[in-house]
Amino acid sequence: LIANPNAWERWNFYSHIPWEGTKQSDGGIRPDPDDEEIFWMVVSRPEPGPAILKLKINRAGKTFDLVTDWADDGVMFSTAQGRMNERIKVLEIFQDKLYNANNTKSEPPVGTVQVWDRATGNFLKEYDVTEFSDWINVDADGNETHTLRGPDQIVVDESGIYVHGHGSQH
């Protein structure tokens, strides 16, 4: 029973992110399906690189604290895969894996789904989905240009991995 379904509180996750600069999350905080104390968050464009964070709720302090025995002190940096201007958009949790929709602003642009071990934060594999998210235009000089429009959304279940890009026809 919820005493006031319209009530809300402010909780802080920024104070425990161990770097300065942008701490933007396009995908927000996601609860772990198996542990009510654990939450996951993607930080889209921080310095030194986009990351997945494993957080534990601190109800007394109204904060989400890094789980420091996971990955690198609670943070898995996606740029370990070597691409510049990479952005993790959203995270999907399925069984023992973490899946993230990922795109870059590099030339040429690259769109992927990356798969990580949920228990350790270790990188497992990557699927290239660039061709499904490529937005082809023609500039004023008649040159073909490419803009990556995703993937920005992801769903993973028993039947497969599904991605969609913003403004994409695919």
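Throughout, residue positions are numbered sequentially from 1 according to the sequence presented. Keep in mind that what you see is a predicted model, and the values were worked out from it rather than measured.
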Legend entry - Check: Asn143 main-chain N/O paired with Asp139 side-chain donor or acceptor under 3.5 Å: yes
Legend entry - Residue pair Gly111 / Pro151: nearest heavy atoms and the distance that separates them: CA-CD, 3.9 Å
Legend entry - Close side-chain approach of Thr145 to Val138, heavy-atom, < 4.5 Å: no
Legend entry - Expected output: side-chain Arg30 to main-chain Ile93 donor-acceptor under 3.5 Å: no
Inset, instruction - Taking the side chain as every heavy atom from C-beta outward, state whether Leu124 and Trp116 have any pair of such atoms under 4.5 Å apart. - result: no
Inset, instruction - State whether Glu37 and Arg59 are salt-bridged, where the test is any N-O pair (Lys NZ or Arg NE/NH1/NH2 against Asp/Glu carboxylate O) under 4.0 Å. - result: yes
Inset, instruction - Could you please spell out the steps behind the side chain to side chain contact (heavy atoms under 4.5 Å, CB included) verdict for Val113 and Asn102? - result: CA-CA 6 Å; Val113 171; Asn102 182 55; over 6 Å; no
Legend entry - Side-chain heavy atoms of Asn100 within contact of Val90, under 4.5 Å: no
Legend entry - Any Leu66 side-chain heavy atom under 4.5 Å of Asp73 side chain: no
Legend entry - Nearest atoms (heavy-atom pairs only) where Gly121 meets Ala71: CA-CB, 4.3 Å
Inset, instruction - Could you walk me through whether Tyr127 and Thr112 pass side chain to side chain contact (heavy atoms under 4.5 Å, CB included), step by step? - result: CA-CA 5 Å; Tyr127 300 99; Thr112 65; over 6 Å; no
Inset, instruction - Please assess Leu98 against Val115 for the test side chain to side chain contact (heavy atoms under 4.5 Å, CB included), listing each intermediate value before the final yes or no. - result: CA-CA 6 Å; Leu98 303 170; Val115 185; over 6 Å; no
Legend entry - Heavy-atom donor-acceptor pair, Asn58 side chain to Gly61 backbone, under 3.5 Å: yes
Legend entry - Ile57 and Leu55, any side-chain heavy atoms less than 4.5 Å apart: no
Legend entry - Arg118 backbone acceptor or donor facing Trp70 side chain under 3.5 Å: yes
Inset, instruction - Please identify each residue that fulfils ring-ring contact (aromatic ring centres under 6.0 Å, His included) with Tyr99, with sequence neighbours left out. - result: none
Inset, instruction - Examine distances only and state if a side-chain atom of Thr120 and a backbone atom of Asn122 form a donor-acceptor pair shorter than 3.5 Å. - result: yes
Legend entry - Tyr162 side chain reached by Asp157 side chain, heavy atoms, under 4.5 Å: yes
Legend entry - Side chain to side chain, Trp40 and Lys54, heavy atoms closer than 4.5 Å: yes
Legend entry - Salt-bridge contact Glu92-Lys97 (side-chain N to carboxylate O under 4.0 Å): no
Legend entry - Student check: side-chain heavy atoms of Val43 and Leu53 closer than 4.5 Å: yes
Legend entry - Same apolar cluster: Val163 and Val155, side chain cutoff 4.5 Å: no
